[in-house]
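Note that the numbering runs from 1 along the sequence shown for the chain. In each ligand, atom 1 is the first atom listed, and ligand 1 is the first ligand listed. Please read all numbers here as calculations on a predicted model, not as lab measurements.
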Amino acid sequence: MKYSYKGMNIEIYESYDELSNKAAQIIAAQVILKPKSVLGLATGSTPERMYKYLVEMHSNLKLDFENITTFNLDEYLGITENNVQSYAYYMNQHLFNHININRDNINIPKGIVNDINGFCHQYDEKIASLGKIDLQVLGIGTNGHIGFNEPDVFFEAGTHLVKLDEGTIVANSRFFSSIDEVPKEAISIGIRNIMQSKKVILLASGKNKEEAVWEMIFGQVTPNLPASILQVHNDVTILLDKESGSKVKIELDKL
Ligand code: GLP
């Protein structure tokens, strides 16, 4: 089902597989239409299958990433890119090792960095030097975070150091052997970076995302639920499966 609400496109699919396929198709269309696109990429379990479809499109249909530039949203602080828990490792494993991207065009915040503020500034400058992100892919945390922009009293503009919420640490501990191993801090691009992207797609799957998705679409625009800012982005598509979309579907069907 496809809906339009306050300018947001909301698509609810039968399954995680279908939403992943649709997300991959949107990215493929972007890459084909503009071979020098700048893509903003996300990690987490939600986009895994989308990346699998993109890898298949590369090997079966010659989807060409040679001139694509990527910026990842975030990275845990204090771990190297060879650490299996790092988002750099994740991106290599799920996408970059399997496509023809030029390694010089891959940008991921560094987990080990001396001058954090300097690094954040450089990351913002590099995005700005390439114009705008053409297509930003997002997931959503159960607390409504996007990237690692946690609920706050204001929207952080640019790339910044984040102290992770207790709930985020608990949610992400499933990827670590114990909760104590989950880093407590991260570097994340900011809300301005995300909002300046020309187009945004946000993927959410599973019952545990249902409330955050509802708040993002129907709640107040507030830094307390960072994803709610997308209500005022002018080109956003929200891809849901029926579990994450069940509560919003009830509301949307009434309109
Ligand atoms: C992580 C990431 C986010 C991601 C979110 C949801 O903390 N920093 O970019 O969107 O959590 O992750 P998942 O898809 O695994 O539920």
Side-chain angles (χ1 to χ4, degrees), residues 13 15-17 19-20 23-24 27 39-53 70-79 81 83-91 93-95 107-111 120 123 133 135-152 156 159-176 179 181-191 193-195 197 200-216 225-230 236-241 243-245:
Y13 290 91
S15 66
Y16 168 63
D17 189 66
L19 92 84
S20 305
I27 296 174
L39 302 180
L41 298 179
T43 51
S45 42
T46 313
E48 281 182 17
R49 186 131 354 141
M50 174 193 83
Y51 290 132
K52 180 174 162 279
Y53 277 119
T70 62
F71 285 90
N72 263 80
L73 284 168
D74 46 16
E75 180 59 283
Y76 289 117
L77 201 67
I79 58 179
E81 56 191 48
N83 186 314
V84 294
Q85 309 296 355
S86 75
Y87 287 163
Y89 191 95
Y90 170 107
M91 289 308 302
Q93 187 193 16
H94 291 288
L95 185 67
N107 299 282
I108 303 179
K110 293 220 173 306
C120 291
Y123 205 71
I133 291 174
L135 174 60
Q136 175 66 59
V137 180
L138 296 174
I140 183 170
T142 50
N143 62 1
H145 74 217
I146 44 178
F148 265 138
N149 290 275
E150 297 282 33
D152 207 333
E156 283 274 5
T159 304
H160 59 287
L161 175 69
V162 178
K163 192 177 170 314
L164 299 177
D165 270 14
E166 204 46 49
T168 300
I169 292 171
V170 171
N172 289 3
S173 65
R174 69 190 193 279
F175 299 112
F176 293 79
I179 194 162
E181 284 180 28
V182 186
K184 308 287 178 285
E185 292 176 310
I187 290 179
S188 176
I189 73 168
I191 295 296
N193 304 113
I194 292 171
M195 291 302 284
S197 308
V200 173
I201 59 171
L202 182 143
L203 287 61
S205 165
K207 198 78 184 157
N208 64 334
K209 300 289 171 70
E210 183 185 41
E211 286 298 327
V213 165
W214 192 93
E215 288 290 340
M216 163 176 68
L225 194 115
S228 63
I229 192 77
L230 297 175
V236 59
T237 298
I238 296 165
L239 303 171
L240 307 172
D241 60 7
E243 286 77 23
S244 62

Review point. Got a sec, which pairs hit salt bridge (Lys or Arg N to Asp or Glu O under 4.0 Å) with one end in residues 139-152, sequence neighbours left out?
Key: none
Review point. Which heavy atom of the protein is the closest neighbour of atom 12 (O) of ligand 1, given with residue, atom name and distance?
Key: Gly44 CA, 4.0 Å
Review point. Looking only at heavy atoms of Glu48, does any of them come nearer than 4.0 Å to an atom of ligand 1?
Key: no
**Study point:** Geometric N/O contact Thr43 with ligand 1, under 3.5 angstrom
**Key:** no
Review point. Does Ser244 reach the main-chain N or O of Ala204 with its side chain, forming a donor-acceptor pair under 3.5 Å?
Key: yes
Review point. Any idea which protein heavy atom is nearest atom 16 (O) of ligand 1, and the distance to it?
Key: Lys209 NZ, 2.6 Å
Check your understanding: ligand 1 versus Arg174, non-hydrogen atoms closer than 4.0 Å: side chain, backbone, both, neither?
Key -> side chain
**Study point:** Test side-chain hydrogen bond (donor to acceptor under 3.5 Å, both in side chains) applied to Glu81 - qualifying residues, sequence neighbours left out
**Key:** none
Revision key, fill the gap. min-distance protein heavy atom vs atom 6 (C) of ligand 1 -> Ile140 O, 3.5 Å
Point to revise | Interfacing atoms of ligand 1 (cut-off 4.0 Å, heavy-atom, Asn172) | key: 1 (C), 7 (O)
Exercise for review: Tell me yes or no: between the side chains of Ser45 and Arg174, is some donor less than 3.5 Å from an acceptor?
Suggested key: yes
Practice item. Say whether Asp17 and Tyr53, considering side chains only, have a donor N or O and an acceptor N or O under 3.5 Å apart. Key: yes
Check your understanding: Just heavy atoms, cut-off under 4.0 Å: does Ser45 contact ligand 1 by side chain, backbone, both, or neither?
Key -> both
Review point. What's the shortest distance from atom 5 (C) of ligand 1 to any protein heavy atom, and which residue and atom give it?
Key: His145 NE2, 3.5 Å
Practice item. Please indicate whether Lys184 has more than 12 foreign heavy atoms, meaning atoms of other residues, nucleotides or ligands, lying under 6.0 Å from its NZ. Key: yes
Check your understanding: Just distances here: any N/O of Asp74 and N/O of ligand 1 closer than 3.5 Å?
Key -> yes
Review point. To the nearest 0.5 Å, what is the distance between CD1 (Ile146) and CG (Leu73)?
Key: 8.5 Å
Check your understanding: What atoms in ligand 1 come closer than 4.0 Å to a heavy atom of Gly139?
Key -> 10 (O)
Review point. Judging by distance only, is a nitrogen or oxygen of Gly147 under 3.5 angstrom from one on ligand 1?
Key: yes
Practice item. Go through ligand 1 atom by atom and flag the ones less than 4.0 Å from a non-hydrogen atom of Thr46. Key: 13 (P), 14 (O), 16 (O)
Review point. Which bit of Tyr76 gets closer than 4.0 Å to ligand 1, counting heavy atoms only: side chain, backbone, both or neither?
Key: neither
Check your understanding: For ligand 1, does Ile146 get within less than 4.0 Å through its side chain, its backbone, both, or neither, judged by non-hydrogen atoms?
Key -> neither
Point to revise | Plane angle bin for His94 and Tyr90 - parallel if under 30°, tilted between 30 and 60°, otherwise perpendicular | key: tilted
Review point. Would Tyr76 and Phe175 count as a ring-ring contact (aromatic ring centres under 6.0 Å, His included) if you check the C-alpha gap in whole Å, the side-chain angles of each, and the deciding distance to 0.1 Å?
Key: CA-CA 13 Å; Tyr76 289 117; Phe175 299 112; 8.8 Å; no
